[in-house]
Amino acid sequence: MPFTKKQLENYADVLIWGAAAERPKPFKPYDTVIVRVNLDAVPLAEVLHRKLISRRMNVVFRYLPPPGIEKDFFMFSDSSQRKFINAGEKELSQASNGLIALNAPASLTHLKDVDPKRMAEVAIAKKPMRDIWNKREEQGQFSWTLCTYPTEDLARNARLSMKEYARQIAKACLLDEKDPVGKWKQIF
């Protein structure tokens with residue numbers, strides 16, 4: 001695991017603070033927060049989930065597909081499949097109060113051979129959901145934050161060991177501070 005237990009606790013606290021920092025009103029109990037997560041970031045997702053549940057938030061997980069599944073989707077799907085929005089997605093977008101994205105890509109290059117037009121079809125189909133979030137954000141009803149969780153591919157592309165890459169993230173996010181949220185509040 002790239003982070004210590006304490007660093008994971010601190011990262012989750014910083015993410016919750018980050019999601020709330022620009023809101024005109026604080027999150028309320030039973031608000032809905034979507035946690036979008038790559039599989040490699042599950043250790044952080046577990047800590048984040050516990051903290052959100054303890055705050056009486058309703059948490060909805062959206063796991064992102066691993067590289068092979070994502071590539072197969074773009075390579076073998078037809079246009080109708082790429083434009084498909086699953087039932088309830090619009091309603092979830094309208095009811096959600098926050099999004100915390102835990103970005104931990106297992107690969108940065110797995111889509112290099114995919115026709116960009118195929119990826120654009122998906123982006124265009126999902127745009128109405130982003131528009132809902134943007135409108136809710138303008139109204140102070142939605143906020144979001146994101147983070148990077150170290151993966152071997154990210155470290156390799158940065159020409160760092162996994163340990164050094166994780167150390168850089170911990171340093172940038174102030175995860176080794178006694179009170180990282182307090183430090184972020186000072187910076188903010």
Smallest heavy-atom separation, Trp184 atom then Ala172 atom, equals CZ2-O, 3.6 Å
Measure the shortest side-chain to side-chain distance between Glu177 and Asn10 over non-hydrogen atoms and say whether it is less than 4.5 angstrom. no
In terms of heavy-atom contacts, Ser96 and Ser93 come closest through OG-O, 3.2 Å
Nearest heavy-atom neighbours spanning Arg23 and Gly140: NH2-O, 4.0 Å
Can you check whether Ile34 reaches Leu92 side chain to side chain, under 4.5 Å on heavy atoms? yes
Leu44 side chain reached by Phe3 side chain, heavy atoms, under 4.5 Å: no
Spell out, as yes or no, whether a donor-acceptor pair under 3.5 Å connects the side chain of Asn58 to the backbone of Tyr30. yes
Does Glu121 pair with Arg118 as a salt bridge, N-O distance under 4.0 Å? no
Is a donor on one side and an acceptor on the other found under 3.5 Å between the side chain of Asn38 and the backbone of Asp40? no
Check whether any side-chain heavy atom of Val60 lies under 4.5 Å from a side-chain heavy atom of Val35, and answer yes or no. no
Among Lys135, Gln94, Arg136, find the one that has a side-chain hydrogen bond (donor to acceptor under 3.5 Å, both in side chains) with Gln141. Arg136
Test Asp179 against Val181 for side-chain contact (heavy atoms from CB on, under 4.5 Å), laying out the working first. CA-CA 6 Å; Asp179 179 13; Val181 171; 4.1 Å; yes
Considering all heavy atoms, the nearest Thr145-Gly18 contact: CB-C, 3.9 Å
Given side-chain contact (heavy atoms from CB on, under 4.5 Å), test Tyr165 with Thr151 step by step and report yes or no. CA-CA 9 Å; Tyr165 192 81; Thr151 64; over 6 Å; no
Any side-chain heavy atom of Leu160 sitting closer than 4.5 Å to one from Arg167? no
For a 4.5 angstrom cut-off between non-hydrogen side-chain atoms, does Ile187 reach Leu174? yes
Cation-aromatic face contact Arg82/Phe84, 6.0 Å, 45 degrees: no
With no hydrogens and no angle check, is any side-chain donor or acceptor of Thr109 less than 3.5 Å from a backbone partner on Lys112? no
Nearest heavy-atom contact between Leu39 and Tyr63 is CD2-CD2, 3.8 Å
Answer yes if Phe73 and Leu111 sit in the same cluster of Ile, Leu, Val, Met, Phe, Trp and Tyr residues linked by side chain heavy atoms under 4.5 Å apart, and no otherwise. yes
Leu15 vs Leu102, test: side-chain contact (heavy atoms from CB on, under 4.5 Å). Steps then yes/no. CA-CA 9 Å; Leu15 289 166; Leu102 310 181; 3.6 Å; yes
Would a distance-only check, ignoring hydrogens and angles, find a side-chain to backbone donor-acceptor pair under 3.5 Å from Glu70 to Pro67? no
Taking only Lys NZ, Arg NE, NH1 and NH2, and the carboxylate oxygens of Asp or Glu, determine whether Asp131 and Lys127 approach each other closer than 4.0 Å. yes
Leu8 side chain reached by Pro43 side chain, heavy atoms, under 4.5 Å: yes
Test item: Phe142 and Ile132 side chains (from C-beta on) under 4.5 Å apart, heavy atoms: no
Side chain to side chain contact (heavy atoms under 4.5 Å, CB included) filter on Leu108, not counting sequence neighbours, yields Pro105, Asp153, Leu154, Asn157
Smallest heavy-atom separation, Ala45 atom then Val37 atom, equals CB-CG2, 4.0 Å
What salt bridge (Lys or Arg N to Asp or Glu O under 4.0 Å) pairs are there with at least one residue in residues 83-101, not counting sequence neighbours? Arg62-Glu89
Quiz question: by atom type and distance under 3.5 Å, do the side chains of Glu137 and Ser143 form a donor-acceptor pair? no
Got a sec, which pairs hit side chain to side chain donor-acceptor pair (under 3.5 Å) with one end in residues 44-56, sequence neighbours left out? Glu9-Arg50, Glu9-Lys51, Asp13-Lys51
